[in-house]
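See structure below.
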Amino acid sequence: MMSMGKTRRRVSVGLCAAAVAAVLTAPAQATQATQARTAQDRAVPSAADGGGPVWSLTPTGTGARFRGLAAVSRDTAWVAGSRGVVLRTGDAGRSWHDVSPPGAEGLEFRDVEAFDGRRAVVLAIGEGEASRVYRTTDAGATWTETFRNTDPRAFYDCVTFFDRRNGLAMSDPVDGKYRILSTRDGGRSWRVLPSAGMPAAQPGEAAFAASGQCLVSSGPKDVWLATGGGATARVLHSADRGRNWTAAESTVPAGDPARGVFGLAFRDRRHGIAVGGDYRTGEASPRAAAVSGDGGHGWRQASAPPPGYRSGVAWLPRTRAAALAVGPTGTDLTSDGGRHWRTVDTGSYDTVDCAADTGCWASGEKGRVARLSW
């Protein structure tokens, strides 16, 4: 069991406009192909346009650590975290409403998937019955527990949805294979999928419940699973909603219980970014990012990766090559699909998520939740 919290068992919140401009234009030594920007990429504001991205902290009134985050829009977001805390905002973070499920104070929420401002699913992690799923359809006024793990060998880490009805959750290996939980009714009910199509796990391999991004989907059927702790950090892919999987080695270092791929983001079914490293404070995390252009079958090391461990990553909407990566020591920005990264903020965040209307949010320790503005 090696997800964050399963041990074997203003700092500058503004993104420097000049730094952003440097990132959103290719590095001087980059090739002409790298320097080219599409019309969509030019839609991203920069310092030259009189603007740039800025993280603005929002007051949550809690000290919970929020590793679960769902960006619905520029105004609406959900966060889920330690001590069973779930918050929701509908006014761009000016106020947060505590909508925590009653009686969940002892649970560790590590992932939340929201369909809108009223409907959401949250995942609690842990061994045995500590792994649970709750669902709300009334903005958190009431919750229904729709799954409670009864297998002491299972430890659920992440949940993802393809659409409003179809979704998956994943557990660390049981009997040598990752366990996949499936819903077809928006999280009202769940069932374990057959394991015949799942490759064997490596010795010591598991997932990291660090950012709600160890299981991510894109489109109606494609889903990816990130691993660490084994001899190599792998990314598993399924093109049929979790029934059959293939495994590919990433370039992110592993070989230790604290190392591997912590977060994934796919812009579409082909273009993906993996981030990770070694989550222990003070430990080096070289090669902390990798990119794929073939749906996760092959991975290439980032030419200029983030300087340290990163647990969350998200593509910027309405661009083809811009993305953000976050971790305890900062935020990094890429404008070339993940090949080159530049640190643009030193605030601590665990996860990041962006909505289709370009609303981007980040969350992390000590109740930190921030909204991206231009």
Side-chain angles (χ1 to χ4, degrees), residues 1-4 6 110-111 113 123 125 131 153-162 166-183 192-255 257 259-277 289-301 311-313 338:
M1 309 285 183
M2 298 200 319
S3 45
M4 296 292 293
K6 331 176 210 183
R110 295 294 181 91
D111 203 353
E113 297 290 320
L123 172 74
I125 70 160
S131 287
R153 302 169 298 170
F155 190 122
Y156 284 85
D157 299 283
C158 288
V159 61
T160 189
F161 275 81
F162 303 96
N166 298 281
L168 300 176
M170 59 78 60
S171 162
D172 287 336
V174 176
D175 294 329
K177 293 184 177 182
Y178 290 95
R179 177 169 288 183
I180 303 298
L181 200 64
S182 174
T183 180
V192 176
L193 293 181
S195 63
M198 174 67 72
Q202 301 176 100
E205 189 181 39
F208 295 98
S211 59
Q213 296 178 344
C214 57
L215 185 73
V216 301
S217 57
S218 181
K221 294 183 178 181
D222 287 276
V223 58
W224 295 265
L225 190 162
T227 80
T232 60
R234 303 192 299 171
V235 177
L236 280 62
H237 170 240
S238 171
D240 57 7
R241 290 184 182 169
R243 292 190 172 274
N244 296 282
W245 298 78
T246 57
E249 293 184 4
S250 77
T251 61
V252 176
R259 298 176 189 156
V261 176
F262 282 72
L264 294 169
F266 274 79
R267 191 184 78 216
D268 49 42
R269 68 188 309 265
R270 294 187 62 82
H271 299 90
I273 297 174
V275 298
V291 297
S292 176
D294 59 4
H297 296 292
W299 292 88
R300 303 184 309 279
Q301 178 183 335
S311 52
V313 60

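The structure displayed is predicted, hence computed values, not measured ones.
For the side-chain hydrogen bond (donor to acceptor under 3.5 Å, both in side chains) criterion with Asp222, the lone passing option out of Arg270, His237, Arg241 is His237.
Atom CZ of Phe162 sits about 4.0 Å away from atom CG of Leu168, to the nearest 0.5 Å. With rounding to the nearest 0.5 angstrom, the CD1 atom of Ile125 is 9.0 Å from the SG atom of Cys158.
A search for side chain to side chain donor-acceptor pair (under 3.5 Å) contacts involving Ser171 returns nothing, not counting sequence neighbours. Judged as a salt bridge (charged side-chain N to carboxylate O under 4.0 Å, His left out), and not counting sequence neighbours, Arg267 has no contacts.
Residues Met170 and Cys214 share a closest heavy-atom pair of SD-SG, 4.1 Å. Looking at every heavy atom in both residues, Ala233 comes nearest to Pro253 through CB-O, 4.4 Å. Residues Ala274 and Leu264 share a closest heavy-atom pair of CB-CD2, 3.6 Å. Here the closest non-hydrogen pair linking Glu113 and Val159 is OE2-O, 3.1 Å.
Among residue pairs with one or both ends in residues 226-235, those qualifying as side chain to side chain donor-acceptor pair (under 3.5 Å) are Gln202-Thr232, Glu205-Thr227, Glu205-Arg234; sequence neighbours excluded.
In this structure, the side chain of Ser311 does not engage the main chain of Ser211 through any donor-acceptor pair within 3.5 Å. For Asp111 (side chain) and Leu123 (main-chain N/O), no donor-acceptor pair under 3.5 Å exists by modelled atom type. In terms of modelled atom types and a separation under 3.5 Å, the side chain of Ser238 and the main chain of Asn244 share a donor-acceptor contact.
When side chains are defined from C-beta on, Val275 does not count as touching Gln213, because their heavy atoms never get closer than 4.5 Å. A heavy-atom distance below 4.5 Å is not found between the side chains of Val313 and Phe262. Within the 4.5 Å cutoff, the side chain of Arg179 has heavy atoms near those of the Tyr156 side chain. Looking at Pro199 and Trp245, their side chains come closer than 4.5 Å, going by heavy atoms from C-beta outward.
Aromatic ring pairs are classed by plane angle as parallel below 30°, tilted from 30° to 60° and perpendicular above 60°; the pair Trp224 and Phe266 is parallel.
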**Request:** Carefully, step by step, assess Arg153 and Asp175 under the rule side chain to side chain contact (heavy atoms under 4.5 Å, CB included).
**Result:** CA-CA 9 Å; Arg153 302 169 298 170; Asp175 294 329; 2.8 Å; yes

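Within a 6.0 Å sphere centred on NZ of Lys221, other residues, nucleotides and ligands contribute 12 heavy atoms or fewer.
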